[in-house]
Protein chains: 2
Amino acid sequence: MSSQLIAVLVAVQNDTPKVLTLGAGRSLPAGPLESRHRSLQNGMRLWVEQQTGRRLGHIEQLYTFADTQVLGVPELERSLLISYLALTHADPPSENWRSWYEYFPWEDQMRAQTQRLVADITLRLKSWVGTLAAEEHERQLRRVVRLFGGDGEVWDDQLVLQRYELLWEAGMVTESPLCEEPVVGMSMDGDHRRILATGIARLRAKIRYRPVFYEFMDETFTLSALQRTVEVVAGQAMHTQNFRRLIAQQNLIEETPDYAPVSRGRPAKLFRFRREMIEEGQIMGSKLPIVFSR
Amino acid sequence: MSSQLIAVLVAVQNDTPKVLTLGAGRSLPAGPLESRHRSLQNGMRLWVEQQTGRRLGHIEQLYTFADTQVLGVPELERSLLISYLALTHADPPSENWRSWYEYFPWEDQMRAQTQRLVADITLRLKSWVGTLAAEEHERQLRRVVRLFGGDGEVWDDQLVLQRYELLWEAGMVTESPLCEEPVVGMSMDGDHRRILATGIARLRAKIRYRPVFYEFMDETFTLSALQRTVEVVAGQAMHTQNFRRLIAQQNLIEETPDYAPVSRGRPAKLFRFRREMIEEGQIMGSKLPIVFSR
DNA sequence: CCTTTTATACTCTTTCTGAGCATAAATAAC
DNA sequence: GTTATTTATGCTCAGAAAGAGTATAAAAGG
């Protein structure tokens, strides 16, 4: 049984969370696990750095699973896929870096249009629920409401994978064997979109208690830029004043004497991350407002 | 390259968190990944259920890594280890079920003796720090304090793996190549103790926001029994009244008309989990007091 | 000068959390 | 049979944190 490494490589460019793709955006970069790698983590790092020529920051394992993509292949030939999430700094944009919201448009709760999209999806899901056996009705209906909101439920930005799986079961994404008419959003080969969903969910969870957004920022940055970065990753708008309060009280960043070049309003101070705090394990947690404003 | 499944199978028996081991407690159960398994998760479940004859409850993947144990083996033969955490209900105890605190005595912060043990470990670690290059002193000293407490730092029950790794680096566990005189605690073959540490940490984290302790309880139980279960898993005593408040306000459990047979004090009401709440995904979170009392 | 936009400071209310006090209902000790 | 001890349970209170609003500062554009 052969094994492959597969990477969800994320950067934030132009206030957009982007992921590195191959093959016209249809797949995530993947490479064979080579025996010269001293460890998986290391192999992953080396391999991505060679392929992309960029330095990797934070890196973590996502999930390992048996590839279900290739049908008709003798089972012994099935591949193990070991997926990783890796963060890097924005570099010259290219075709291969695509907004992850191209694949999950409903996850971008900052665009006004999304509300309509989610309403449409919810409608279709509810009609799908109608086709199920009666015992399942209530269960699945609660699931739809919990995942896609409505009925007073708030949108939980972490349930990326669960939402994708629900759409899959309902035959509303191209990857599903039941699919007739997919919901908007690019699909990917095999399990890749599922892996991407896992990566997004993991990053959104992580950013709540670890200052991994550090990886995405320039050397110096304004608080608004920091907030926008976190917002586009979470796909949720945040209360500016509270965001600042939380960042401030964590001692993660410090002022520089400089100001950002102004375009419109009052010029913003430039900040930088405090090196001592970023260093390995120093920061026990970086809390962010957990319930986002709308 | 062949692959192995490896399980951290946990149950709570007699107010002790136990893990299933093999070979006189020196290794975790592991088996080859067979091609008939439809998915890894499924393969894991089938395999453990066959081996142990018990039904598995919650199951989740821990980590995948390349086995570093076997030296002198051609690198292509290296095995991929895919580790899982699985929870099950206590059954007739046996030799093979061992308290996880046999392997990590310092993690049991509920025993009075542990305080002395941790003090000893801290001393030895500090003297190890003394042998390092000067630039490293402060960094590593902070690490020791953060992981093993002292200096006003509180004990973080989730840092099981980090503590083990520190001891490993300092040559204070048998598994380490530098080891001369190990700290108390049973060791295991290969990476198994590290995997166990990962499992414990994951479970301690999970139990904070998901009611996975459900798996460990009988059909009905008292609140004290529930609290003791959580406490021994976390290795930390909790404030009883606050524990009850949190459990109560989450609507996870309901009273039964019965009382537990008394031994000493006032008889305790028996409770049961509300089936509807436990069902898949219903419960979004089960919060527990995060900072434990001493 | 006035409006708009962005940045930043401060306040207020509600909820959550840690911690303690008090009472209830049983057994054990005298 | 009192009294002490143990376990279970109810309630209160102070401080911290979170959500949300008001106010002010500093720029550009008309």
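Just so it is clear: chains get the letters A, B, ... in the order the sequence lines come, proteins before strands, and each one is counted from 1. As a basis for the values below, the full set of heavy atoms in this structure was taken, side chains included, without hydrogen atoms, waters or symmetry mates.
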* **Within residues 261-270 of chain A or reaching into it, pairs that qualify as salt bridge (charged side-chain N to carboxylate O under 4.0 Å, His left out) - sequence neighbours excluded** =>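 The answer is A:Glu255-A:Lys269.
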* Asked: So which pairs with a foot in residues 216-235 of chain A pass salt bridge (charged side-chain N to carboxylate O under 4.0 Å, His left out), sequence neighbours left out?
  ->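 Residue pairs passing salt bridge (charged side-chain N to carboxylate O under 4.0 Å, His left out), neighbours aside: A:Asp15-A:Arg228.
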* Asked: Any idea which of C:dT8, D:dA26, C:dT17 is nearest the A:Arg244 side chain?
  ->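 Looking only at side-chain atoms, A:Arg244 lies closest to C:dT8.
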* **Integer-rounded Å distance: C:dT6 P and A:Tyr259 OH** =>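 From A:Tyr259 OH to C:dT6 P: 18 Å.
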* B:Gln227 CD - D:dT7 P separation (whole Å) ->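 It is 12 Å, rounded to the nearest whole Å.
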Strictly under 3.5 Å: I want the nitrogen or oxygen pairs between protein and nucleotides 10-15 of chain C, one per line.
none

* side-chain contact (heavy atoms from CB on, under 4.5 Å) with A:Arg244: which residues, sequence neighbours excluded? ->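 A:Arg244: side-chain contact (heavy atoms from CB on, under 4.5 Å) contacts with A:Leu223, A:Thr240.
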* Only counting residues at least two apart or in another chain, list the ones meeting side-chain contact (heavy atoms from CB on, under 4.5 Å) with A:Val145. =>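 A:Val145 satisfies side-chain contact (heavy atoms from CB on, under 4.5 Å) with A:Asp151, A:Glu153 once adjacent residues are dropped.
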With the criterion being N/O to N/O and under 3.5 Å, what pairs connect the protein with nucleotides 3-5 of chain D, and how long is each?
none

* Not counting sequence neighbours, which residues clear side chain to side chain donor-acceptor pair (under 3.5 Å) with A:Gln158? List them please. =>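 In terms of side chain to side chain donor-acceptor pair (under 3.5 Å), with neighbours along the sequence ignored, A:Gln158 is linked to no residue.
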* Asked: Who passes side chain to side chain donor-acceptor pair (under 3.5 Å) against A:Arg204, sequence neighbours left out?
  ->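 Once residues adjacent in sequence are excluded, the partners of A:Arg204 under the side chain to side chain donor-acceptor pair (under 3.5 Å) criterion are A:Tyr101, A:Glu107.
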* Residues forming a ring pair (Phe, Tyr, Trp, His ring centres under 6.0 Å) with B:Phe221, sequence neighbours excluded ->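 Testing B:Phe221 for ring pair (Phe, Tyr, Trp, His ring centres under 6.0 Å), a comparison that skips the adjacent residues, returns B:Phe273.
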